[in-house]
There are 2 protein chains.
Amino acid sequence: MSLRYALLAILRVGPLSGYDLQKQFSQSVGHVWHAPDSQIYPELRKMQADGLIEGEEQLRGQRGMRRVYHVTEAGDRAYQEWMASPLDYQRVRDPAHLRAAYLENTTPEAARDFLHRHIAYWESELEAFQGELDHIERMDSMMLNRRLAVIPPDEHEAAIEYKRFSYEGLAERARGEIAWARRGLALVDRLERVDAAARP
Amino acid sequence: MSLRYALLAILRVGPLSGYDLQKQFSQSVGHVWHAPDSQIYPELRKMQADGLIEGEEQLRGQRGMRRVYHVTEAGDRAYQEWMASPLDYQRVRDPAHLRAAYLENTTPEAARDFLHRHIAYWESELEAFQGELDHIERMDSMMLNRRLAVIPPDEHEAAIEYKRFSYEGLAERARGEIAWARRGLALVDRLERVDAAARP
DNA sequence: AGGCTCATGTAATCAGTTACATGATTTG
DNA sequence: CAAATCATGTAACTGATTACATGAGCCT
(Lines give C-alpha, C1' and ligand atoms only; values in the text may rest on other atoms or scores of the structure.)
Protein backbone atom coordinates (compact mmCIF):
# COMPACT_ATOMS: atom_id res chain seq x y z
CA MET A 1 0.00 0.00 0.00
CA SER A 2 3.03 2.30 -0.19
CA LEU A 3 2.34 3.11 -3.84
CA ARG A 4 -0.03 5.90 -3.01
CA TYR A 5 2.43 7.40 -0.57
CA ALA A 6 5.21 7.18 -3.12
CA LEU A 7 2.92 9.02 -5.53
CA LEU A 8 2.00 11.57 -2.87
CA ALA A 9 5.67 12.17 -2.07
CA ILE A 10 6.29 13.14 -5.68
CA LEU A 11 3.06 15.09 -6.14
CA ARG A 12 3.63 17.10 -2.96
CA VAL A 13 6.56 18.73 -4.69
CA GLY A 14 4.25 20.07 -7.35
CA PRO A 15 1.33 19.14 -9.67
CA LEU A 16 2.01 16.57 -12.37
CA SER A 17 0.05 14.60 -14.94
CA GLY A 18 -0.17 10.82 -14.72
CA TYR A 19 2.23 10.61 -17.60
CA ASP A 20 4.85 12.86 -16.00
CA LEU A 21 4.46 11.10 -12.68
CA GLN A 22 5.10 7.82 -14.35
CA LYS A 23 8.29 9.25 -15.90
CA GLN A 24 9.53 10.51 -12.57
CA PHE A 25 8.75 7.14 -11.17
CA SER A 26 10.72 5.17 -13.69
CA GLN A 27 13.67 7.42 -12.90
CA SER A 28 14.46 8.46 -9.29
CA VAL A 29 11.85 6.71 -7.13
CA GLY A 30 11.59 3.79 -9.53
CA HIS A 31 14.86 2.47 -8.11
CA VAL A 32 13.12 2.05 -4.80
CA TRP A 33 9.57 1.40 -5.85
CA HIS A 34 8.62 0.15 -9.28
CA ALA A 35 5.16 0.74 -10.72
CA PRO A 36 3.98 0.41 -14.31
CA ASP A 37 1.63 2.98 -15.86
CA SER A 38 -1.19 0.46 -15.82
CA GLN A 39 -1.00 0.61 -12.05
CA ILE A 40 -0.40 4.33 -11.70
CA TYR A 41 -3.40 5.62 -13.66
CA PRO A 42 -6.03 3.62 -11.75
CA GLU A 43 -4.34 4.39 -8.44
CA LEU A 44 -4.52 8.12 -9.18
CA ARG A 45 -8.24 7.75 -9.85
CA LYS A 46 -8.71 5.93 -6.55
CA MET A 47 -6.68 8.56 -4.71
CA GLN A 48 -8.90 11.22 -6.22
CA ALA A 49 -11.99 9.28 -5.16
CA ASP A 50 -10.51 9.16 -1.63
CA GLY A 51 -9.97 12.92 -1.71
CA LEU A 52 -6.18 12.78 -1.44
CA ILE A 53 -5.55 14.48 -4.75
CA GLU A 54 -7.48 16.51 -7.27
CA GLY A 55 -7.20 16.32 -11.03
CA GLU A 56 -7.56 19.26 -13.32
CA GLU A 57 -8.30 18.60 -16.97
CA GLN A 58 -6.14 20.58 -19.31
CA LEU A 59 -6.43 20.84 -23.06
CA ARG A 60 -3.45 20.02 -25.16
CA GLY A 61 -3.70 21.25 -28.77
CA GLN A 62 -7.16 20.85 -30.36
CA ARG A 63 -8.54 17.69 -28.85
CA GLY A 64 -5.66 16.38 -26.73
CA MET A 65 -6.25 16.23 -23.00
CA ARG A 66 -4.24 15.69 -19.86
CA ARG A 67 -5.19 15.52 -16.24
CA VAL A 68 -2.87 17.36 -13.89
CA TYR A 69 -3.09 16.24 -10.30
CA HIS A 70 -2.26 18.14 -7.15
CA VAL A 71 -2.29 17.07 -3.51
CA THR A 72 -5.22 18.24 -1.37
CA GLU A 73 -4.97 19.20 2.26
CA ALA A 74 -6.37 15.79 3.20
CA GLY A 75 -3.73 14.18 1.01
CA ASP A 76 -0.99 16.10 2.70
CA ARG A 77 -2.32 15.08 6.09
CA ALA A 78 -2.51 11.45 5.03
CA TYR A 79 1.08 11.62 3.83
CA GLN A 80 2.29 13.15 7.08
CA GLU A 81 0.46 10.49 9.04
CA TRP A 82 2.02 7.75 6.98
CA MET A 83 5.49 9.23 7.49
CA ALA A 84 4.94 9.25 11.24
CA SER A 85 3.43 5.76 11.42
CA PRO A 86 5.41 2.54 11.78
CA LEU A 87 6.25 0.88 8.49
CA ASP A 88 4.74 -2.53 7.98
CA TYR A 89 7.46 -4.92 7.03
CA GLN A 90 6.03 -7.49 4.71
CA ARG A 91 7.14 -11.07 5.24
CA VAL A 92 10.37 -12.18 3.64
CA ARG A 93 10.07 -13.80 0.28
CA ASP A 94 13.55 -14.09 -1.11
CA PRO A 95 13.89 -16.43 -4.09
CA ALA A 96 17.67 -16.02 -4.32
CA HIS A 97 18.38 -17.10 -0.76
CA LEU A 98 15.78 -19.82 -1.04
CA ARG A 99 17.62 -21.25 -4.01
CA ALA A 100 21.01 -20.76 -2.39
CA ALA A 101 19.96 -22.88 0.59
CA TYR A 102 19.33 -25.82 -1.73
CA LEU A 103 22.16 -25.51 -4.24
CA GLU A 104 23.40 -29.02 -3.48
CA ASN A 105 20.28 -30.24 -5.32
CA THR A 106 21.61 -29.11 -8.66
CA THR A 107 24.77 -29.33 -10.76
CA PRO A 108 27.81 -27.13 -10.12
CA GLU A 109 27.19 -25.59 -13.55
CA ALA A 110 23.64 -24.55 -12.67
CA ALA A 111 24.84 -23.29 -9.29
CA ARG A 112 27.51 -21.14 -10.93
CA ASP A 113 25.04 -19.89 -13.49
CA PHE A 114 22.67 -18.81 -10.76
CA LEU A 115 25.44 -17.00 -8.88
CA HIS A 116 26.78 -15.31 -12.02
CA ARG A 117 23.31 -14.02 -12.80
CA HIS A 118 22.92 -12.84 -9.24
CA ILE A 119 26.15 -10.87 -9.57
CA ALA A 120 25.10 -9.42 -12.93
CA TYR A 121 21.72 -8.39 -11.57
CA TRP A 122 23.13 -6.62 -8.53
CA GLU A 123 25.93 -5.04 -10.53
CA SER A 124 23.41 -3.41 -12.79
CA GLU A 125 21.39 -2.29 -9.78
CA LEU A 126 24.55 -0.93 -8.19
CA GLU A 127 25.32 1.00 -11.33
CA ALA A 128 21.86 2.59 -11.23
CA PHE A 129 22.30 3.53 -7.56
CA GLN A 130 25.76 4.92 -8.22
CA GLY A 131 24.30 6.92 -11.09
CA GLU A 132 21.71 8.43 -8.79
CA LEU A 133 24.39 9.21 -6.19
CA ASP A 134 26.43 10.95 -8.89
CA HIS A 135 23.37 13.00 -9.83
CA ILE A 136 22.93 13.99 -6.22
CA GLU A 137 26.62 14.84 -5.91
CA ARG A 138 26.60 16.98 -9.05
CA MET A 139 23.21 18.40 -8.10
CA ASP A 140 21.73 17.63 -11.48
CA SER A 141 19.00 15.28 -10.42
CA MET A 142 15.80 16.51 -12.06
CA MET A 143 13.73 15.34 -9.15
CA LEU A 144 15.95 16.77 -6.47
CA ASN A 145 16.07 20.16 -8.13
CA ARG A 146 12.31 20.22 -8.49
CA ARG A 147 12.11 19.55 -4.79
CA LEU A 148 14.74 22.08 -3.80
CA ALA A 149 12.92 24.76 -5.80
CA VAL A 150 9.89 24.57 -3.52
CA ILE A 151 11.50 24.32 -0.09
CA PRO A 152 13.38 27.00 1.84
CA PRO A 153 17.20 27.00 1.37
CA ASP A 154 17.91 25.97 4.95
CA GLU A 155 16.09 22.68 4.32
CA HIS A 156 18.09 21.89 1.19
CA GLU A 157 20.82 20.11 3.06
CA ALA A 158 18.37 17.73 4.73
CA ALA A 159 16.67 16.90 1.44
CA ILE A 160 20.02 16.16 -0.19
CA GLU A 161 21.47 14.23 2.73
CA TYR A 162 18.47 11.94 3.13
CA LYS A 163 18.43 11.14 -0.53
CA ARG A 164 22.14 10.31 -0.38
CA PHE A 165 21.54 8.27 2.77
CA SER A 166 18.83 6.23 1.09
CA TYR A 167 20.82 5.49 -2.05
CA GLU A 168 23.97 4.68 -0.13
CA GLY A 169 22.03 2.09 1.78
CA LEU A 170 20.85 0.57 -1.47
CA ALA A 171 24.36 0.64 -2.96
CA GLU A 172 25.74 -1.10 0.08
CA ARG A 173 23.14 -3.78 -0.11
CA ALA A 174 24.04 -4.34 -3.76
CA ARG A 175 27.72 -4.63 -2.89
CA GLY A 176 26.85 -7.09 -0.15
CA GLU A 177 24.89 -9.28 -2.56
CA ILE A 178 27.77 -9.24 -5.05
CA ALA A 179 30.34 -10.16 -2.41
CA TRP A 180 28.08 -12.93 -1.11
CA ALA A 181 27.59 -14.44 -4.57
CA ARG A 182 31.35 -14.33 -5.21
CA ARG A 183 31.93 -16.30 -2.02
CA GLY A 184 29.28 -18.68 -3.30
CA LEU A 185 31.26 -19.22 -6.49
CA ALA A 186 34.34 -20.04 -4.44
CA LEU A 187 32.26 -22.48 -2.40
CA VAL A 188 30.97 -24.25 -5.52
CA ASP A 189 34.58 -24.66 -6.70
CA ARG A 190 35.71 -26.01 -3.36
CA LEU A 191 32.86 -28.50 -3.09
CA GLU A 192 33.50 -29.69 -6.61
CA ARG A 193 37.14 -30.39 -5.72
CA VAL A 194 36.06 -32.24 -2.58
CA ASP A 195 33.64 -34.28 -4.65
CA ALA A 196 36.29 -35.09 -7.29
CA ALA A 197 38.73 -36.22 -4.56
CA ALA A 198 36.10 -38.49 -3.00
CA ARG A 199 35.46 -40.47 -6.21
CA PRO A 200 38.71 -40.79 -8.18
CA MET B 1 5.72 -18.52 -8.20
CA SER B 2 8.56 -19.83 -6.04
CA LEU B 3 6.16 -21.13 -3.40
CA ARG B 4 5.62 -24.41 -5.15
CA TYR B 5 9.35 -24.91 -5.55
CA ALA B 6 9.93 -24.10 -1.91
CA LEU B 7 7.30 -26.74 -1.09
CA LEU B 8 8.87 -29.20 -3.51
CA ALA B 9 12.31 -28.63 -1.97
CA ILE B 10 10.96 -29.70 1.41
CA LEU B 11 8.80 -32.54 0.11
CA ARG B 12 11.65 -34.01 -1.92
CA VAL B 13 13.33 -34.87 1.35
CA GLY B 14 10.40 -37.05 2.30
CA PRO B 15 6.59 -37.20 2.42
CA LEU B 16 4.78 -34.80 4.71
CA SER B 17 1.24 -33.72 5.47
CA GLY B 18 0.13 -30.16 4.75
CA TYR B 19 0.22 -29.49 8.44
CA ASP B 20 3.77 -30.74 8.91
CA LEU B 21 4.91 -28.94 5.81
CA GLN B 22 3.52 -25.73 7.18
CA LYS B 23 5.44 -26.29 10.42
CA GLN B 24 8.70 -26.87 8.59
CA PHE B 25 7.95 -23.78 6.64
CA SER B 26 7.43 -21.53 9.59
CA GLN B 27 10.78 -22.75 10.92
CA SER B 28 13.73 -23.22 8.54
CA VAL B 29 12.53 -22.09 5.12
CA GLY B 30 10.09 -19.62 6.60
CA HIS B 31 13.02 -17.29 7.24
CA VAL B 32 13.49 -17.08 3.50
CA TRP B 33 9.98 -17.56 2.24
CA HIS B 34 6.92 -16.93 4.32
CA ALA B 35 3.63 -18.63 3.53
CA PRO B 36 0.53 -18.98 5.70
CA ASP B 37 -1.42 -22.24 5.88
CA SER B 38 -4.26 -20.69 3.92
CA GLN B 39 -1.88 -20.46 1.01
CA ILE B 40 -0.14 -23.80 1.48
CA TYR B 41 -3.20 -26.07 1.46
CA PRO B 42 -4.67 -24.77 -1.82
CA GLU B 43 -1.24 -24.72 -3.43
CA LEU B 44 -0.73 -28.39 -2.54
CA ARG B 45 -4.07 -29.18 -4.18
CA LYS B 46 -3.02 -27.30 -7.31
CA MET B 47 0.34 -29.06 -7.35
CA GLN B 48 -1.46 -32.37 -7.13
CA ALA B 49 -3.76 -31.33 -9.99
CA ASP B 50 -0.62 -30.49 -11.98
CA GLY B 51 0.82 -33.90 -11.22
CA LEU B 52 3.83 -32.64 -9.27
CA ILE B 53 2.87 -34.36 -6.04
CA GLU B 54 0.52 -37.10 -4.91
CA GLY B 55 -1.49 -37.15 -1.72
CA GLU B 56 -2.29 -40.24 0.26
CA GLU B 57 -5.15 -40.13 2.73
CA GLN B 58 -4.30 -41.57 6.11
CA LEU B 59 -6.64 -42.22 9.00
CA ARG B 60 -5.86 -40.74 12.35
CA GLY B 61 -7.85 -42.31 15.19
CA GLN B 62 -11.50 -43.05 14.38
CA ARG B 63 -12.58 -40.29 12.04
CA GLY B 64 -9.48 -38.07 11.87
CA MET B 65 -7.79 -37.77 8.51
CA ARG B 66 -4.58 -36.41 7.09
CA ARG B 67 -3.25 -36.22 3.58
CA VAL B 68 0.41 -37.11 3.22
CA TYR B 69 2.01 -35.80 0.06
CA HIS B 70 5.02 -37.09 -1.81
CA VAL B 71 6.81 -35.77 -4.89
CA THR B 72 6.16 -37.54 -8.20
CA GLU B 73 8.74 -38.06 -10.90
CA ALA B 74 7.23 -35.15 -12.81
CA GLY B 75 7.51 -33.01 -9.69
CA ASP B 76 11.13 -33.91 -9.28
CA ARG B 77 11.79 -33.04 -12.91
CA ALA B 78 9.98 -29.70 -12.52
CA TYR B 79 12.07 -28.93 -9.45
CA GLN B 80 15.33 -29.75 -11.25
CA GLU B 81 14.30 -27.57 -14.16
CA TRP B 82 13.50 -24.69 -11.86
CA MET B 83 16.85 -25.04 -10.11
CA ALA B 84 18.63 -24.86 -13.47
CA SER B 85 16.57 -21.96 -14.84
CA PRO B 86 17.37 -18.28 -14.29
CA LEU B 87 15.64 -16.74 -11.31
CA ASP B 88 13.23 -13.98 -12.12
CA TYR B 89 14.06 -10.98 -10.02
CA GLN B 90 10.88 -9.14 -9.26
CA ARG B 91 11.04 -5.35 -9.35
CA VAL B 92 12.26 -3.51 -6.28
CA ARG B 93 9.60 -2.39 -3.87
CA ASP B 94 11.35 -1.24 -0.75
CA PRO B 95 9.19 0.77 1.66
CA ALA B 96 12.05 1.46 4.07
CA HIS B 97 14.35 3.04 1.50
CA LEU B 98 11.41 4.86 -0.02
CA ARG B 99 10.68 6.45 3.32
CA ALA B 100 14.34 7.11 4.02
CA ALA B 101 14.65 9.12 0.81
CA TYR B 102 11.98 11.53 2.06
CA LEU B 103 12.77 11.80 5.75
CA GLU B 104 13.13 15.58 5.54
CA ASN B 105 9.35 15.65 5.10
CA THR B 106 8.76 14.62 8.68
CA THR B 107 9.90 15.55 12.19
CA PRO B 108 13.22 14.41 13.65
CA GLU B 109 11.20 12.42 16.20
CA ALA B 110 9.32 10.50 13.52
CA ALA B 111 12.54 9.97 11.58
CA ARG B 112 14.25 8.52 14.66
CA ASP B 113 11.26 6.39 15.43
CA PHE B 114 11.34 4.93 11.94
CA LEU B 115 15.06 4.20 12.20
CA HIS B 116 14.77 2.66 15.67
CA ARG B 117 12.04 0.36 14.40
CA HIS B 118 14.14 -0.53 11.41
CA ILE B 119 16.98 -1.52 13.72
CA ALA B 120 14.65 -3.50 15.97
CA TYR B 121 13.15 -5.33 13.01
CA TRP B 122 16.50 -6.32 11.53
CA GLU B 123 17.93 -7.21 14.93
CA SER B 124 15.15 -9.70 15.44
CA GLU B 125 15.68 -11.06 11.93
CA LEU B 126 19.42 -11.29 12.61
CA GLU B 127 18.73 -13.20 15.79
CA ALA B 128 16.63 -15.70 13.85
CA PHE B 129 19.35 -16.13 11.22
CA GLN B 130 22.00 -16.54 13.90
CA GLY B 131 19.80 -19.10 15.57
CA GLU B 132 19.59 -21.09 12.36
CA LEU B 133 23.37 -20.80 11.89
CA ASP B 134 23.85 -22.13 15.40
CA HIS B 135 21.57 -25.05 14.60
CA ILE B 136 23.62 -25.78 11.51
CA GLU B 137 26.85 -25.50 13.48
CA ARG B 138 25.64 -27.82 16.19
CA MET B 139 24.00 -30.06 13.61
CA ASP B 140 20.71 -30.08 15.43
CA SER B 141 18.57 -28.52 12.77
CA MET B 142 15.52 -30.75 12.38
CA MET B 143 15.27 -29.96 8.72
CA LEU B 144 18.92 -30.45 7.96
CA ASN B 145 19.03 -33.79 9.71
CA ARG B 146 15.97 -34.96 7.84
CA ARG B 147 17.78 -34.05 4.65
CA LEU B 148 21.08 -35.62 5.64
CA ALA B 149 19.31 -38.86 6.46
CA VAL B 150 18.25 -39.36 2.86
CA ILE B 151 21.39 -38.35 0.97
CA PRO B 152 24.73 -40.19 0.73
CA PRO B 153 27.36 -39.12 3.32
CA ASP B 154 29.68 -37.60 0.72
CA GLU B 155 26.99 -35.05 -0.10
CA HIS B 156 26.47 -34.02 3.50
CA GLU B 157 29.14 -31.36 3.39
CA ALA B 158 27.56 -29.64 0.39
CA ALA B 159 24.10 -29.64 1.99
CA ILE B 160 25.51 -28.12 5.17
CA GLU B 161 27.75 -25.60 3.48
CA TYR B 162 25.03 -24.25 1.18
CA LYS B 163 22.65 -23.81 4.05
CA ARG B 164 25.32 -21.95 5.99
CA PHE B 165 26.10 -19.89 2.90
CA SER B 166 22.48 -18.88 2.48
CA TYR B 167 21.96 -17.88 6.10
CA GLU B 168 25.26 -16.05 6.30
CA GLY B 169 24.13 -13.94 3.36
CA LEU B 170 20.91 -13.14 5.18
CA ALA B 171 22.73 -12.34 8.42
CA GLU B 172 25.07 -10.00 6.59
CA ARG B 173 22.20 -8.22 4.99
CA ALA B 174 20.61 -7.77 8.40
CA ARG B 175 23.85 -6.36 9.80
CA GLY B 176 24.05 -4.00 6.85
CA GLU B 177 20.55 -2.71 7.47
CA ILE B 178 21.30 -2.17 11.14
CA ALA B 179 24.52 -0.28 10.41
CA TRP B 180 22.74 1.82 7.81
CA ALA B 181 19.93 2.78 10.17
CA ARG B 182 22.46 3.70 12.88
CA ARG B 183 24.17 6.04 10.44
CA GLY B 184 20.72 7.43 9.73
CA LEU B 185 20.22 8.20 13.40
CA ALA B 186 23.52 10.08 13.46
CA LEU B 187 22.41 11.99 10.38
CA VAL B 188 19.12 13.01 12.00
CA ASP B 189 21.07 14.32 14.99
CA ARG B 190 23.48 16.26 12.82
CA LEU B 191 20.73 17.84 10.73
CA GLU B 192 18.84 18.81 13.84
CA ARG B 193 21.93 20.61 15.16
CA VAL B 194 22.39 22.36 11.80
CA ASP B 195 18.75 23.41 11.91
CA ALA B 196 19.01 24.70 15.49
CA ALA B 197 22.10 26.72 14.60
CA ALA B 198 20.35 28.27 11.59
CA ARG B 199 17.46 29.68 13.64
CA PRO B 200 18.70 30.79 17.04
C1' DA C 1 -14.07 -31.32 31.13
C1' DG C 2 -10.98 -28.04 29.19
C1' DG C 3 -7.23 -26.65 26.62
C1' DC C 4 -3.68 -27.59 23.36
C1' DT C 5 -2.18 -29.26 19.11
C1' DC C 6 -3.40 -31.63 14.97
C1' DA C 7 -5.69 -31.00 10.67
C1' DT C 8 -7.94 -28.84 6.74
C1' DG C 9 -9.78 -25.66 4.42
C1' DT C 10 -13.10 -21.41 2.07
C1' DA C 11 -14.14 -16.58 0.82
C1' DA C 12 -13.24 -11.98 0.08
C1' DT C 13 -10.11 -8.79 -1.02
C1' DC C 14 -5.88 -6.48 -2.50
C1' DA C 15 -1.73 -5.52 -4.91
C1' DG C 16 0.80 -6.26 -8.83
C1' DT C 17 1.82 -8.14 -13.70
C1' DT C 18 1.03 -8.69 -18.55
C1' DA C 19 -1.18 -7.87 -22.48
C1' DC C 20 -4.07 -5.23 -25.02
C1' DA C 21 -6.10 -0.91 -26.87
C1' DT C 22 -6.43 3.73 -28.68
C1' DG C 23 -5.55 8.10 -30.33
C1' DA C 24 -3.47 13.02 -30.37
C1' DT C 25 0.59 15.98 -30.88
C1' DT C 26 5.10 17.21 -31.95
C1' DT C 27 9.30 16.91 -34.54
C1' DG C 28 12.27 15.92 -38.33
C1' DC D 1 4.11 12.14 -43.93
C1' DA D 2 6.25 9.08 -40.75
C1' DA D 3 8.07 8.22 -36.36
C1' DA D 4 8.57 9.39 -31.71
C1' DT D 5 6.54 10.67 -27.73
C1' DC D 6 2.59 12.33 -25.21
C1' DA D 7 -1.45 10.66 -23.00
C1' DT D 8 -4.80 7.53 -20.93
C1' DG D 9 -6.53 3.72 -19.88
C1' DT D 10 -9.09 -1.58 -19.61
C1' DA D 11 -9.11 -6.64 -18.86
C1' DA D 12 -7.60 -10.90 -17.39
C1' DC D 13 -4.90 -13.11 -14.33
C1' DT D 14 -1.72 -14.38 -10.47
C1' DG D 15 -0.04 -14.36 -6.04
C1' DA D 16 -0.61 -13.09 -1.40
C1' DT D 17 -3.23 -11.40 2.83
C1' DT D 18 -6.88 -11.53 6.17
C1' DA D 19 -10.60 -13.26 8.19
C1' DC D 20 -13.49 -16.80 8.92
C1' DA D 21 -14.83 -21.67 9.81
C1' DT D 22 -14.73 -26.34 11.61
C1' DG D 23 -13.72 -30.32 13.98
C1' DA D 24 -10.96 -34.48 15.73
C1' DG D 25 -7.45 -36.38 18.91
C1' DC D 26 -4.55 -36.13 22.96
C1' DC D 27 -3.14 -35.03 27.52
C1' DT D 28 -3.91 -33.61 32.23
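Note that these values count all heavy atoms, side chains included, but never hydrogens, waters or copies made by symmetry. Protein chains get the first letters and strands the later ones, always in sequence-line order, with residue 1 at the start of each.
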Salt-bridge contact [X]-[Y] (side-chain N to carboxylate O under 4.0 Å):
X: B:R182; Y: B:E123; answer: yes
X: A:R193; Y: A:D189; answer: no
X: B:E104; Y: A:K163; answer: no
X: B:E125; Y: B:R173; answer: no

Counting heavy atoms from C-beta on, name the nucleotide in [options] closest to the side chain of [X].
X: A:Q22; options: D:dA24, C:dG16, D:dT8; value: D:dT8
X: A:R45; options: C:dA7, C:dG9, D:dG9; value: D:dG9
X: A:R63; options: C:dT18, C:dA24, D:dA7; value: C:dA24

Could you tell me how far apart [X] ([atom1]) and [N] ([atom2]) are, to the nearest whole angstrom?
X: A:D20; N: D:dC6; atom1: CG; atom2: P; answer: 8 Å
X: B:R4; N: D:dA16; atom1: CZ; atom2: P; answer: 11 Å
X: A:Q39; N: D:dA12; atom1: CD; atom2: P; answer: 18 Å
X: A:L3; N: C:dC14; atom1: CG; atom2: C1'; answer: 12 Å
X: A:F25; N: C:dG16; atom1: CZ; atom2: C1'; answer: 13 Å
X: B:M65; N: C:dG9; atom1: CE; atom2: P; answer: 7 Å
X: A:I40; N: D:dA7; atom1: CD1; atom2: P; answer: 14 Å
X: B:D37; N: D:dT22; atom1: CG; atom2: C1'; answer: 13 Å

Across the strands shown, which category fits A:Q62 at heavy-atom distances under 4.0 angstrom: base, sugar-phosphate, nothing?
-> sugar-phosphate
Is [X] close enough to [N] that one of its side-chain N or O atoms is under 4.0 Å from OP1 or OP2 there?
X: B:R66; N: C:dA7; answer: yes
X: B:R93; N: C:dG16; answer: yes
X: A:R60; N: C:dA24; answer: no
X: B:K46; N: D:dG15; answer: no
X: A:K23; N: D:dT5; answer: no
X: B:R91; N: C:dT17; answer: no
X: B:R67; N: C:dG9; answer: yes
X: B:Y19; N: C:dT8; answer: no

Crowding at CZ, A:R190 (>12 non-hydrogen neighbours, <6.0 Å) = yes
5′-ward residue of the pair A:S38/B:Y41 relative to DNA chain C = B:Y41
Is there a donor in the side chain of B:E56 and an acceptor in the side chain of B:H70, or the other way round, less than 3.5 Å apart?
-> no
